[in-house]
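Report on one structure; see the data block that follows.
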Amino acid sequence: MRAIFALVDCNNFYASCERVFNPKLEGQPVVVLSNNDGCIIARSNEAKALGVKMGAPFFQVRDFLREHAVHVLSSNYALYGDMSHRVMTILHRLEPDVEVYSIDEAFIRFTQARNQSLVACAHSLRTVVRRETGIPVSIGIGPTKTLAKLANRLAKKDASWDGVLDISSHPDPDSLMASVEVGDVWGIGHKSAERLKASGISTVLALKDVDPSWMRRHFTVTGFRTVMELRGVAMVPMEEQPPDRKSVACSRSFGERVRSLAELNEALSSHVATAAQKLRSQGLVASCLNVFLMTARLAGDNVHFTDNRTVELPEASSHTPTLIHYALGCLKGMFRQGTDYRKIGVVFTGLVREALASRQPTLFDPGRSDRMDSLMKTVDQVNARWGRNTLRFGAMGFGGRWQMKQGRKSASFTTRWDELPLVRAS
DNA sequence: TCTGGGGTCCTAGGACCC
DNA sequence: TCTGGGGTCCTAGGACCC
């Protein structure tokens, strides 16, 4: 049997997560804001129907949202991450070949013969996920990942499919492709869509029928792959064991403008601590560290000035105090008095598996790195049990103007004991 | 006043080498 | 005034994804 791909995609994921713990939001327009309550990053169907645009700056649509009684929430990534994990666990339980593609999407490869149709299998997956998590999903099926993505999009848009569409069993796939804009294909972004349209290619069907070598010439190998995938030739394989990350980063815009080195130090230390924890959770150590700094928009100018410094560490590490030390060194070299800053961040690169990293015992204190390891392990365990930042490093401070604005956040229902939802029987 | 954050891949161009 | 061919490595920037 030829491999068939399915894409399972959670509907309006962030809005759906909020609804699971706040059923009053059911049937209501809901939007979720980016960090710092900056712009809109998720919308319920009702909000989409009102014409609320993805990525719209919140301050521009605030009045409109109020007039239409739209529920506005700050993002709650602890909740979404945990709900995502629950959904993915179910998929892994029910299917052998699963690739978690993003926080709300997974590819499944159907290879074995089944006594049910694939569409029937997909419907039962959908039912189980809904019953056990409360999250609605749509499933698209096709001979390539790109076609599965397309099928998913169609399944979501047209309620008559009841959440599942197998594009290869459709009597007229060309008519489906003709109904979708070229920019809606996986891999064709804003810029490429514009250029394709300028060449008279405006639908998915037209893109499928483009000469692949022309595509290769004008849109590089990625464009070529997309055309082949639309023709049913699989060029993007499953990745069930995701390769190790090549970089790990943490950055945030400030809640308010920041001018003092002391505050920058605190913010940067916090971001380093977050990113270092991410390194440890994946068993990685970094050999290189980059700090970047972004100024506020200059008056009458639309560009942000950014500066960055990179330092190579003498020894690859995931030890928070060590990494904070080097990061603060980079910052000190960049800081300019009298400048309004808006964002700071850290990027770790040159990542290697901790087990493979060569450890040079320090001549005068050979047990030092072992002690650092067990300290970090303890910190991680305490924070996992009692909540983020229960144990923290002095350099991180206790929050100031640099902390982001999140005025409308729901509780961490599933990840903090003190925020568990209460159920009262009467 | 107010527009997120974290990733990956690809290409062009420069430096360098033989 | 002329000025090869081929290779590697690195970086910056662009484009894309969610």
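By convention in this document, chain letters (A, B, ...) are assigned in the order of the sequence lines, proteins followed by strands, and residues within each chain are numbered from 1.
By the neighbour-count criterion of 12 heavy atoms within 6.0 Å, atom CH2 of A:Trp386 is sparsely surrounded, having that number or fewer from other residues, nucleotides or ligands. Atom NE2 of A:His68 is surrounded by more than 12 heavy atoms from other residues, nucleotides or ligands within 6.0 Å. Counting non-hydrogen atoms of neighbouring residues, nucleotides and ligands closer than 6.0 angstrom, the CD atom of A:Glu132 exceeds 12 such neighbours. Within 6.0 Å of CD in A:Glu181 there are 12 or fewer heavy atoms belonging to other residues, nucleotides or ligands.
A distance of about 15 Å separates the C1' atoms of C:dC17 and B:dG4, rounded to the whole Å.
Between A:Ser253 and the phosphate of B:dG5, there is a side-chain N or O to OP1/OP2 separation shorter than 4.0 Å. For B:dT1, neither phosphate oxygen OP1 nor OP2 lies less than 4.0 angstrom from any side-chain nitrogen or oxygen of A:Arg257. In this model, the phosphate group of C:dC16 is approached by a side-chain N or O of A:Ser192 to a distance below 4.0 Å at OP1 or OP2. Proximity of A:Arg342 to the phosphate of B:dG4: a side-chain N or O atom is located under 4.0 Å from OP1 or OP2. Phosphate contact (OP1/OP2 of C:dC17, side-chain N/O of A:Lys149, threshold under 4.0 Å): absent. A sub-4.0 Å separation between OP1 or OP2 of B:dG6 and a side-chain N or O of A:Lys246 is absent. Distances shorter than 4.0 Å separate some side-chain N or O of A:Ser247 from OP1 or OP2 on B:dT8. Using a 4.0 Å cut-off, no side-chain N or O of A:Lys191 falls inside it from OP1 or OP2 of C:dG13. Between C:dA15 and A:Arg195, no contact under 4.0 Å exists linking OP1 or OP2 to a side-chain N or O. Contact check, A:Ser34 against B:dT3: no side-chain N or O comes under 4.0 Å of OP1 or OP2.
Between A:Gly55 and A:Arg225, the residue anchored closer to the 5' end of DNA chain B is A:Gly55, taking for each the nucleotide with the nearest heavy atom.
Between the P atom of B:dG7 and the CZ atom of A:Phe292 lies a distance of 11 Å, rounded to the nearest Å. Atom CE in A:Met294 sits roughly 11 Å away from atom C1' in B:dG5 (whole-Å rounding). To the nearest angstrom, P of B:dT8 lies 17 Å from CD of A:Glu105. Distance, A:His271 NE2 to B:dG5 P: 8 Å, rounded to whole Å. Between the CG atom of A:Asp37 and the C1' atom of B:dG4 there is a distance of 11 Å, given to the nearest Å. Rounded to an integer number of Å, the gap from A:Asn12 CG to C:dC18 C1' is 14 Å. The distance between atom CZ of A:Arg216 and atom C1' of B:dC9, rounded to the nearest whole Å, is 13 Å. Atom CD of A:Gln403 and atom P of B:dG5 are 14 Å apart (whole Å).
Nucleic acid contact for A:Phe58: none, since no nucleic acid atom lies under 4.0 Å from a heavy atom of the residue. Using a 4.0 Å heavy-atom distance criterion, A:Arg252 is classed as a sugar-phosphate-only contact. Base contact: A:Tyr77 has a heavy atom under 4.0 Å from a base atom. Using a 4.0 Å heavy-atom cutoff across all strands shown, A:Lys343 reaches sugar-phosphate atoms only and no base atom. Residue-level contact check: A:Gln60 touches the bases, meaning some heavy atom is under 4.0 Å from a base atom. Using a 4.0 Å heavy-atom distance criterion, A:Val221 is classed as a sugar-phosphate-only contact. Residue contacts shown for A:Leu33 are absent, as no nucleic acid heavy atom lies under 4.0 Å away. Contacts of A:Ser75 with the nucleic acid, taken as non-hydrogen atoms under 4.0 Å apart, are absent. Within 4.0 Å of A:Val185, counting heavy atoms only, lie sugar-phosphate atoms of the nucleic acid but no base atom. Counting non-hydrogen atoms under 4.0 angstrom, A:Arg217 reaches nothing in the nucleic acid.
Of all nucleotides listed (B:dG6, B:dT11, B:dC2), B:dG6 comes nearest to the side chain of A:Ser251. In this structure, the nucleotide among B:dG7, B:dT11, B:dC2 sitting nearest to the side chain of A:Ala249 is B:dG7. Side chain of A:Ile41, nearest nucleotide from B:dG4, B:dG7, B:dC10: B:dG4. In the set B:dG4, C:dA15, B:dC10, the nucleotide with an atom closest to the side chain of A:Asn35 is B:dG4. The side chain of A:Ser102 has C:dC18 as its nearest neighbour among B:dT11, C:dC18, B:dG7. Listed nucleotides: B:dG5, C:dC18, B:dG7. Nearest to the side chain of A:Arg245: B:dG7. Here the side chain of A:Trp186 is nearest to one of B:dT11, B:dG6, C:dC17, namely C:dC17.
A distance below 6.0 Å separates the ring centres of A:Tyr14 and A:Tyr80.
Remark: the A:Ser44 side chain and the A:Glu46 side chain contain an N/O donor-acceptor pair separated by less than 3.5 Å.
In this structure, A:Lys377 does not pair ionically with A:Asp380, as no charged nitrogen and carboxylate oxygen lie closer than 4.0 Å.
Judged as a salt bridge (Lys or Arg N to Asp or Glu O under 4.0 Å), and not counting sequence neighbours, A:Arg43 has no contacts. Here A:Val236 pairs with A:Lys145, A:Trp186, A:Glu229 under the side-chain contact (heavy atoms from CB on, under 4.5 Å) rule; sequence neighbours left out.
Partner A:Lys156 forms a salt bridge (charged side-chain N to carboxylate O under 4.0 Å, His left out) with one of A:Asp184, A:Asp162, A:Asp9 and no other, that one being A:Asp9.
Stem analysis of DNA chain C (Watson-Crick or G-U pairs, both distances under 3.5 Å, runs of at least three) returns B:5-18 with C:5-18.
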